[in-house]
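Written below as structure tokens is the structure these notes are about.
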Amino acid sequence: MPKMRTDELTAILVAEKADALSAMQADKLSTERQRAMDYYNGDMSSDMKSETDRSKAVSYDVSDTVEGLMPVMMEIFCGGDEVVKFTPVGPEDEAQAEQESAYVNHELMEKNPGFIIVYSFVKDALLQKNGIVKVWWEVKEDEDRETFMGLADDVYALIAADETVQIVEHTEHSPEYEMPPMAIEGGIEAPPDATAYHSTHDITTIRKRKYGCVKVEGVPPEEFGCSRVSKLGQPLSYSFHETGKSQNELIKSGFDPEQVKKLLTATFSTSGEATARDTVDERTTGTTNDINKPNRLISVTEHYATLDYEEDGKARLYRITTGGDDSNLTVLRRKND
């Protein structure tokens, strides 16, 4: 079945993102977000210039109002035992609804930092007009490295036969003879037991285990964008999440290591909103340090786009991950693709 060419896919993603950015960074919305963040931080210089020999006192009314509302809002959303509750439609649904409620609450509040996620979501909505939460199913692969010393032949054979275990180091020690107790039968010594001859093994193993889990995280509003024709409560035809991830993080996520290592180091956003939110210079202008390659940050964008990728006349929703800036966008491949 024919599929869309990579260059054609890249061109569509760049165009969709540019259109979404135009809507996201429209003067009115962007200015209001930046001003709200400045006011929250006590910076009113854009509207009220400080004059020479005048008081430098600053009123934190916006910050006080938002912080005063947060305990009330958190009590509403997280004050009870159940943050999420499914309501059964009929008596036959009661057991399933109860199980669904328990599972979702466990995943959000126990497996993820649910309180912090809800707090960030509500605060962004109050201050920035939009609160955004991202939910996805993540498949991880853990590696447990263990070393065993002096294993008998039979134990070593059991470990070696385990398909989930990879033996990365192995040292076999020469068989040694251990004198068994002498058995005397009718005044004749019994011959030595042949099993007294044995080898020992020193091994180091790696056990790989794959598992899936629900991941939830808050998204800063300036990192998210969607189609300008999107409507509240309706599926999005296009949206994106742009952030920075380390080279090591991308490789651990399953992307092709050789492809990832060729990507350029990220330059951080210098938009007004991003600058206003960054109060402690976490993201300085320019590139991140390239000395420690595994920890260098790479610009990564997850696109959620409705496309006729199969070119069969049917549009479907796809998630495409790209690395690099829009002038040199690279569609990232999984290492097994």
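All values reported here derive from a predicted model rather than from experimental measurement.
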* **Closest heavy-atom pair and its distance - Leu317, Leu236** => CD1-O, 4.4 Å

* **Residue Asp7 excluded, over 12 heavy atoms near CG under 6.0 Å** => yes

* Side-chain touch Tyr103/Val214, heavy atoms, less than 4.5 angstrom -> yes

* Close side-chain approach of Asn130 to Phe224, heavy-atom, < 4.5 Å -> no

* Between OG1 of Thr306 and CZ of Arg316, what distance do you get to the nearest 0.5 Å? -> 11.5 Å

* How far apart are the closest heavy atoms of Lys262 and Glu258, and which atoms are they? -> CG-O, 3.3 Å

* Euclidean distance, Phe121 CZ relative to Leu126 CG, rounded to 0.5 Å -> 10.0 Å

* To do: Please lay out, stage by stage, how Leu13 and Thr301 fare under the test side chain to side chain contact (heavy atoms under 4.5 Å, CB included).
  => CA-CA 10 Å; Leu13 295 177; Thr301 305; over 6 Å; no

* Asked: Does the Ser101 side chain pair with the main chain of Phe86, one donor and one acceptor, at a distance under 3.5 Å?
  -> yes

* To do: Could you give me the CA-CA distance, side-chain angles and deciding distance for Glu223 and Lys134, then say whether side chain to side chain contact (heavy atoms under 4.5 Å, CB included) is met?
  => CA-CA 12 Å; Glu223 293 183 0; Lys134 178 180 175 181; over 6 Å; no

* **salt bridge (charged side-chain N to carboxylate O under 4.0 Å, His left out) against Asp93, all qualifying residues, sequence neighbours excluded** => none

* side chain to side chain contact (heavy atoms under 4.5 Å, CB included) between Glu310 and Lys3: does it pass, once the steps are laid out? -> CA-CA 5 Å; Glu310 303 290 343; Lys3 293 184 178 180; 3.7 Å; yes

* Would you indicate whether the side-chain heavy atoms of Val122 and Phe77 approach each other to under 4.5 Å? => yes

* Are more than 12 heavy atoms from other residues, nucleotides or ligands located less than 6.0 Å from atom CD of Glu8? -> yes

* Is Tyr304 close to Glu16 at the side-chain level, that is, under 4.5 Å between some pair of heavy atoms? -> no

* Asked: Side chain of Asp162, backbone of Thr164: donor and acceptor closer than 3.5 Å?
  -> yes

* Under 3.5 Å, is there a donor-acceptor pair between the Asn248 and Ser246 side chains? -> no

* Asked: Can Ile117 be reached from Met70 by stepping across I, L, V, M, F, W or Y side chains whose heavy atoms are under 4.5 Å apart?
  -> yes

* Asked: Between Leu307 and Leu9, is a side chain to side chain contact (heavy atoms under 4.5 Å, CB included) present by the stated rule, with each step listed?
  -> CA-CA 9 Å; Leu307 303 167; Leu9 173 62; 3.6 Å; yes

* Asked: Is there a donor-acceptor contact under 3.5 Å from the side chain of Gln259 to the main chain of Val331?
  -> yes

* Asked: Less than 4.5 Å apart, any side-chain heavy atom of Tyr211 and any of Val139?
  -> no

* To do: Kindly confirm or rule out a cation-pi arrangement of Arg333 over Phe255, judged by NZ or CZ under 6.0 Å from the six-membered ring centre and within 45° of its axis?
  => no

* Main-chain N/O of Arg33 paired to Gln128 side chain as donor or acceptor, under 3.5 Å -> yes

* ILVMFWY network linking Val168 to Ile159, side-chain heavy atoms under 4.5 angstrom -> no

* To do: Establish whether Met73 and Val84 are linked, either directly or via other cluster members, by ILVMFWY side-chain heavy-atom contacts under 4.5 Å.
  => yes

* **Reported CD-to-OG distance for the pair Glu302 and Ser239, which is rounded to 0.5 angstrom** => 10.0 Å

* Identify the heavy atoms of Met37 and Leu127 that sit nearest to each other, and give their distance. => CE-CD2, 3.7 Å

* **Flag, side chain of Asp61 to backbone of Thr65, donor-acceptor distance under 3.5 Å** => no

* Heavy-atom distance under 4.5 Å between the side chains of Pro88 and Gln96, does that happen here? -> no

* Arg296 side chain to Ala266 main-chain N or O, any donor-acceptor pair under 3.5 Å? -> no

* To do: Give a yes or no answer on whether the side chain of Asp312 reaches the backbone of Lys314 with a donor-acceptor pair at less than 3.5 Å.
  => yes

* Take the angle between the ring planes of Tyr238 and His303 and call it parallel below 30°, perpendicular above 60°, tilted in between. => tilted

* To do: For residues Met74 and Phe115, determine if any side-chain heavy atom of one lies less than 4.5 Å from a side-chain heavy atom of the other.
  => yes

* **Met4 side chain reached by Tyr318 side chain, heavy atoms, under 4.5 Å** => no

* **Atom pair OG1/CD of Thr87 and Glu94 - distance to nearest 0.5 Å** => 11.0 Å

* Structure fact -> One should read off an interatomic distance between Thr330 OG1 and Asp256 CG, to the nearest 0.5 angstrom, of 11.5 Å

* Is there a chain of hydrophobic side chains (I, L, V, M, F, W, Y, each step under 4.5 Å between heavy atoms) that links Ile116 to Val83? -> yes

* Taking all heavy atoms of Gly225 and all of Ala20, pick out the closest pair and write down the distance. => C-CB, 4.3 Å

* **Main-chain N/O of Leu108 paired with Asn112 side-chain donor or acceptor, under 3.5 Å** => no

* Shared ILVMFWY cluster between Tyr156 and Phe148, side chains joined below 4.5 angstrom? -> yes

* First locate atom CD1 of Ile167, then atom CD1 of Ile206, and finally report the distance between them rounded to the nearest 0.5 Å. => 11.5 Å

* Pair Arg145 + Glu169: basic N to acidic O under 4.0 Å -> yes

* More than 12 foreign heavy atoms under 6.0 Å from CD of Glu67: is that the case here? -> yes

